[in-house]
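Written out below as structure tokens is the structure these notes cover.
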Amino acid sequence: GDSVTQMEGPVTLSEEAFLTINCTYTATGYPSLFWYVQYPGEGLQLLLKATKADDKGSNKGFEATYRKETTSFHLEKGSVQVSDSAVYFCALAVSSGSARQLTFGSGTQLTVLP
Amino acid sequence: DTAVSQTPKYLVTQMGNDKSIKCEQNLGHDTMYWYKQDSKKFLKIMFSYNNKELIINETVPNRFSPKSPDKAHLNLHINSLELGDSAVYFCASSLAGGLSDTQYFGPGTRLTVL
């Protein structure tokens, strides 16, 4: 079945460090790919998305490129801030009959220290 | 201004009780969802409704019954609560349930069953 495998956490970085969170997927057809972020005590919110191969999603300094050949959608940021501390979820959207549903990875906890 | 709201935010109850969680969205979206997030932050879809019709019903005990009185509301009723039902429940909505549609999440309801 369709699935998302995410880099295990937790990840702890110093402010201004480079961030990579790996995400690979297995899917039939052509999924859309997403990164969602969950700040402490809140619901998830969309960080970025890409809907076809070679698309790059970007937002708030974060980037991820849809790589069909490696079935990957790694999240990167050049210089993290304390305010980026959160749980990051990679997800894919697949068709299930008439519905489209999100399948999430297990989440990666990021802590950024000042 | 809240896009997706849930009540209550916290719910503590005894095993065997029946409880409901309410969800409302003011985004004019056609599709709404319920997710369960376990203690390890793993998220799994439970139900999806499109225009008040059930379109996704994952393997969930039939003690869980969603109800959509109109397309802006999707409530979750849980009968005979069990310890394993303790989790955070998130409601979400999207414009039309399309493959690339962003899902907007509520703040979550933390259910604790004693």
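No experiment lies behind these values; they were computed from the predicted model shown. Reminder, nothing fancy here: chain letters follow the sequence lines and each chain counts from 1.
- Smallest separation of non-hydrogen atoms from A:F104 and B:L43: CD1-CB, 3.9 Å.
- The local environment of CD in B:E53 is sparse, with at most 12 non-hydrogen atoms from other residues, nucleotides or ligands closer than 6.0 Å.
- Proximity of A:F89 to B:K41: side-chain heavy atoms (C-beta onward) are separated by under 4.5 Å at one or more points.
- Interface residue B:I45: only side-chain heavy atoms are found under 4.5 Å from chain A.
- Residue A:E16 places its CD atom among 12 or fewer non-hydrogen atoms of other residues, nucleotides or ligands, all under 6.0 Å distant.
- By the rule that hydrophobic residues join a cluster once side-chain heavy atoms approach within less than 4.5 Å of another member, B:M15 and B:L76 end up as members of one cluster.
- Other residues, nucleotides and ligands contribute only 12 or fewer heavy atoms inside 6.0 Å of the CD atom of A:E8.
- Residue A:Q109 does not touch chain B at all, counting heavy-atom pairs closer than 4.5 Å.
- A continuous path of Ile, Leu, Val, Met, Phe, Trp and Tyr side chains, each step under 4.5 Å between heavy atoms, connects A:Y88 with A:Y66, placing both in one hydrophobic cluster.
- For B:Q6, no part lies near chain A; criterion is any non-hydrogen pair under 4.5 Å.
- Follow the hydrophobic side-chain contacts under 4.5 Å out from B:M32 and you never reach B:L27; the two are in separate clusters.
- A single hydrophobic cluster is not seen to contain both B:F47 and B:Y33; linkage of ILVMFWY side chains at heavy-atom distances under 4.5 Å, directly or through other members, places them apart.
- Neither the backbone nor the side chain of B:K44 comes within contact range of chain A, judged by heavy atoms closer than 4.5 Å.
- Heavy-atom neighbours of B:K71 NZ from other residues, nucleotides or ligands within 6.0 Å: above the threshold of 12.
- For the atom pair B:S48 OG and A:L102 CG, the distance stands at 10.0 Å (nearest 0.5 Å).
- Using a 4.5 Å cut-off between non-hydrogen atoms, the part of residues 39-55 of chain A that approaches chain B consists of A:G41, A:E42, A:G43, A:L44, A:L46, A:K49, A:T51.
- Under a cut-off of 6.0 angstrom, the local environment of CZ in A:F18 is crowded, with over 12 non-hydrogen atoms contributed by other residues, nucleotides or ligands.
- Under the 4.5 Å side-chain heavy-atom criterion for grouping Ile, Leu, Val, Met, Phe, Trp and Tyr, B:Y35 is not connected to B:V4 through any hydrophobic cluster.
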List the steps and the verdict of side-chain contact (heavy atoms from CB on, under 4.5 Å) for A:Q38 and B:F105. CA-CA 10 Å; A:Q38 184 178 24; B:F105 284 76; over 6 Å; no
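- Of the listed residues (A:S106, A:A91, A:G107), the one with the most heavy-atom contacts under 4.5 Å to chain B is A:S106.
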